Amino acid sequence: MSRAGELQGFLERTPFARFLGMRCEIMGDEMTTVLPFQEKFIGNAAINALHGGCTGAFLELTAMAQVFLLTDLQRPPKPVNITIDYLRSAKGEDLYARAIVHKLGRRMASVRAEAWQAERDKPVAGLQAHFLVAEST
Amino acid sequence: MSDAEEGKDLLFRAMQQNASRIMTSVPWAKALGFELTSIEQGRAFAKVAWREELVGDPDSGVIHGGVLTALLDNLCGVAANTALSEPKSMATLDLRIDYMRPAEKGRDILAEAECYHVTRNVAFTHAWAFHDNREKVIATAAGAFALNDITRWASGNQAVEMAQAMLSEKSS
């Protein structure tokens, strides 16, 4: 099976990815993730804004998926730490994200991800994450 | 008592009266099953029960990091709200999470957040997630929240709105 197929298979059997309803559009080694809007994602109903923790979880899964795509790991890479920058209020609409793996070392991967809605040039949040990519023995 | 202290007290009392609704009125917190267990001035405590749906690694049953992110983000926000001396609406500016060890399959996760400094524009917070106590932590968080004038932005936070009503009653 292709690595893209393995990633899709992994997301399909990951309960939390299913709970989010996240999709992955993979083009070779590039990928865009899509989070179709659901009412449960709302954090502030008065201003119809997504919960920061929802955007954050989606970005973390996106970063993780991108690392998975570029490696031959059998298990999801383990997050070491993440920093999320909230740039704009995310509306109650679909969310998209892409991640770039800046450095893929033997043990650590450094990843940057960005989420946006209507305009790609106006990201709603950014994420910087480190993942452990060594298979634990 | 100074005005600031009085405002802080009123705001906190309003939050206490609404404590059961603080998390349940937030759809994403409700969907993930967050439960606010108690609040103090500048502190908030919560719990999330293990559930199959929240698992991030199907082979180990470990809860996904994103669930902790949401929990600590939300709880830091609540802690910041308990530390304000006037009602403000707030938005997470940034949040850093360090993952120390995986959460264990089948166990509740407890969390505690502390707001340790508030300026006119920003509230600074720390939080911890663990099973038993803070000695054996699953994840820690550091979050900064931008504080906004509540009149410019509907808050959606019933406790804050109630405190605002109480404060305006007092000043009239």
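Proteins come first, then strands; the chains are lettered A, B, ... in the order of their sequence lines, and each starts at number 1. Quick caveat, the model's predicted, so the values are computed rather than measured.
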If you compare all heavy atoms of [X] against all heavy atoms of [Y], which two are closest, and at what distance to 0.1 Å?
X	Y	result
B:Pro27	A:Glu39	CB-O, 3.8 Å
B:Gly56	A:Pro76	O-CG, 4.4 Å
A:Phe19	B:Leu32	CE2-CD2, 3.4 Å
A:Pro15	B:Pro58	CD-CB, 4.4 Å

Can you tell me if CZ on A:Arg120 sees more than 12 non-hydrogen neighbours from other groups inside 6.0 Å?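 Result for CZ/A:Arg120: enclosed.
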Does atom CG of B:Asn133 have more than 12 heavy-atom neighbours, drawn from other residues, nucleotides or ligands, at distances under 6.0 Å?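 It does: B:Asn133 CG has more than 12 such atoms within range.
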Which atoms of B:Asp73 come close to chain A, meaning under 4.5 Å heavy atom to heavy atom: side chain ones, backbone ones, both, or neither?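 Just the side chain, heavy atoms under 4.5 Å.
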Under 4.5 Å from any heavy atom of chain A, what part of B:Val62 do you find: side chain, backbone, both or neither?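 B:Val62 has no heavy atom closer than 4.5 Å to chain A.
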Same hydrophobic cluster for [X] and [Y], using side-chain heavy-atom links shorter than 4.5 Å among ILVMFWY?
X	Y	result
A:Phe37	A:Leu95	yes
B:Leu72	B:Val78	yes
A:Val67	A:Leu70	yes
B:Met23	B:Trp50	yes
B:Tyr116	B:Val122	yes

Heavy-atom pairs under 4.5 Å with chain A, option from B:Val55, B:Leu68, B:Asn74 with the top count: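 With the most close heavy-atom pairs to chain A, the winner is B:Val55.
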Residue selection (most heavy-atom pairs with chain A, distance under 4.5 Å) from B:Thr140, B:Thr69, B:Leu95: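 Answer, by heavy-atom pair count under 4.5 Å with chain A: B:Leu95.
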With rounding to the nearest 0.5 Å, note down the distance linking [atom1] in [X] to [atom2] in [Y].
X	Y	atom1	atom2	answer
A:Thr83	B:Asp98	OG1	CG	7.5 Å
B:Ser25	A:Asn44	OG	CG	9.0 Å
B:Ile63	A:Phe16	CD1	CZ	9.0 Å
B:Leu93	A:Leu87	CG	CG	9.0 Å
B:Met100	A:Asn81	CE	CG	9.0 Å

Winner by heavy-atom pair count (cut-off under 4.5 Å) against chain B, out of [options]:
options	answer
A:Asp85, A:Leu59, A:Val80, A:Leu50	A:Val80
A:Ala129, A:Gly43, A:Ala125, A:Gly126	A:Gly43
A:Arg18, A:Gln38, A:Gln128, A:His51	A:His51

Heavy-atom distances under 4.5 Å only: say whether A:Leu20 touches chain B with side chain, backbone, both or neither.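 For A:Leu20, the contact with chain B is made by the side chain alone.
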Please determine whether side-chain contact (heavy atoms from CB on, under 4.5 Å) holds for the pair B:Ile97 and A:Glu60, giving the CA-CA distance in whole Å, both sets of side-chain angles, and the decisive distance to 0.1 Å. CA-CA 11 Å; B:Ile97 313 270; A:Glu60 187 176 332; over 6 Å; no
Pair A:Arg13 + B:Asp59, salt bridge at N-O below 4.0 Å: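 Salt bridge flag = yes for B:Asp59 with A:Arg13.
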Candidate pair A:Thr14 and B:Asp57, rule side-chain contact (heavy atoms from CB on, under 4.5 Å), full reasoning: CA-CA 6 Å; A:Thr14 298; B:Asp57 181 350; over 6 Å; no
Steps toward side-chain contact (heavy atoms from CB on, under 4.5 Å) verdict (B:Trp28, A:Lys40): CA-CA 5 Å; B:Trp28 186 233; A:Lys40 68 181 179 190; 4.2 Å; yes
side-chain contact (heavy atoms from CB on, under 4.5 Å) between A:Ile82 and B:Tyr99, worked out: CA-CA 8 Å; A:Ile82 62 168; B:Tyr99 296 104; 3.7 Å; yes
